[in-house]
Amino acid sequence: GESVGLHLPTLSVQEGDNSIINCAYSNSASDYFIWYKQESGKGPQFIIDIRSNMDKRQGQRVTVLLNKTVKHLSLQIAATQPGDSAVYFCAENTMDTGRRALTFGSGTRLQVQP
Amino acid sequence: KAGVTQTPRYLIKTRGQQVTLSCSPISGHRSVSWYQQTPGQGLQFLFEYFSETQRNKGNFPGRFSGRQFSNSRSEMNVSTLELGDSALYLCASSLVRTANGELFFGEGSRLTVL
C-alpha cells in the first residue's frame with residue numbers, strides 16, 4: 001500500500017487494549033467535527049462525528065470527546081483490533097474566507113500489535 | 001449501493017502536461033469535493049461542487065480547476081503539471097453540502113509527475 005504520511009505521530013497499542021487518539025483543532029468557531037480512518041491504499045472512511053453542542057458521542061467501540069474550552073478532540077477505540085491499524089484524521093468544520101469547509105488534521109498512525 | 005468511483009486509479013505524467021481526473025459520486029449525492037493528499041501537507045481541500053456550481057475553493061493556483069455535470073459526476077483538471085503536483089487526489093461526495101455532512105471518499109487517483 002502507499003504511505004499516507006511518512007512522519008506521522010504513531011500510537012502503538014496491544015490488541016485488546018483501549019486506544020486514545022488526540023486532535024487539537026484550530027478554530028474556536030468550528031461547530032462540527034468528524035473522525036476519519038484511512039487504511040493503506042484506500043480513501044478515508046467516516047468513523048464518527050460530533051456537533052459542538054455535545055461533549056461526547058458514542059458509536060460501536062468508538063467514543064468521541066469534545067473539549068471546546070481547550071479546543072481538543074479525542075477518539076477512543078475500545079478493545080483495539082488489528083483491523084483498526086490505520087491513519088486517523090480529525091476534521092473540523094470551519095469558516096474559511098467566508099465559506100464553510102472541512103479542514104483536516106495531519107493524522108495519527110495507529111499500530112496494533114497482535 | 002456503489003461507492004464513490006474515481007478514475008484513473010494511477011497515472012504518470014511529465015512536467016508541463018495536463019491531466020483530467022474523474023469522479024462519480026454515490027447515487028443521489030449532489031455535493032462533490034476534491035482533496036489533494038501528500039505526505040508533507042496531508043489532506044488539503046481543493047474545491048467543492050454542488051448542483052453544478054463551484055461553492056468553495058481552497059488555496060490552490062488557477063492551474064487546478066474542476067467542473068460538475070448535471071448527473072453530479074465531477075472532473076478536475078490540472079494544467080502545466082509540476083513535480084509538486086504528485087499526490088493522491090481524493091474525491092468525496094455527500095448528500096448535502098460538504099461541511100454539514102458526512103463525506104464518502106473514493107480510493108483516489110494517484111498522480112506521479114516526472
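Residue numbers start from 1 in every chain, and the chains themselves are labelled A, B, ... in the order their sequence lines are given, proteins ahead of strands. Reckoned from all heavy atoms, side chains included, excluding hydrogens, waters and symmetry mates.
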Looking at A:K68, I'd like to know if its NZ atom is crowded, meaning that more than 12 non-hydrogen atoms belonging to other residues, nucleotides or ligands lie closer than 6.0 Å.
yes
Measure the spacing between CZ of B:F105 and NZ of A:K42 and express it to the nearest 0.5 Å.
15.5 Å
List the atom of A:P44, the atom of B:L90, and the distance in Å for their closest heavy-atom pair.
CD-CD1, 3.7 Å
Can you sort out the partners of B:T14 under side chain to side chain donor-acceptor pair (under 3.5 Å), two or more places apart, ordered by chain and number?
B:Q17
May I ask you to check whether over 12 heavy atoms, not counting those of B:R15, lie within 6.0 Å of atom CZ?
no
Contacting region of B:L43 [heavy-atom separation from chain A under 4.5 Å]:
both
Where do B:E48 and A:L102 land on the side-chain contact (heavy atoms from CB on, under 4.5 Å) test, with the steps shown first?
CA-CA 10 Å; B:E48 178 197 2; A:L102 281 176; over 6 Å; no
A:F104-B:F45 aromatic ring centre distance below 6.0 Å:
no
Would A:V87 end up clustered with A:V62 when hydrophobic side chains under 4.5 Å apart are linked, directly or stepwise?
no
With heavy-atom distances below 4.5 Å as the criterion, would you say the side chains of A:I34 and B:L103 are in contact?
no
Other than B:F69, what residues sit in its cluster of Ile, Leu, Val, Met, Phe, Trp and Tyr side chains whose heavy atoms are under 4.5 Å apart, directly or through others?
none
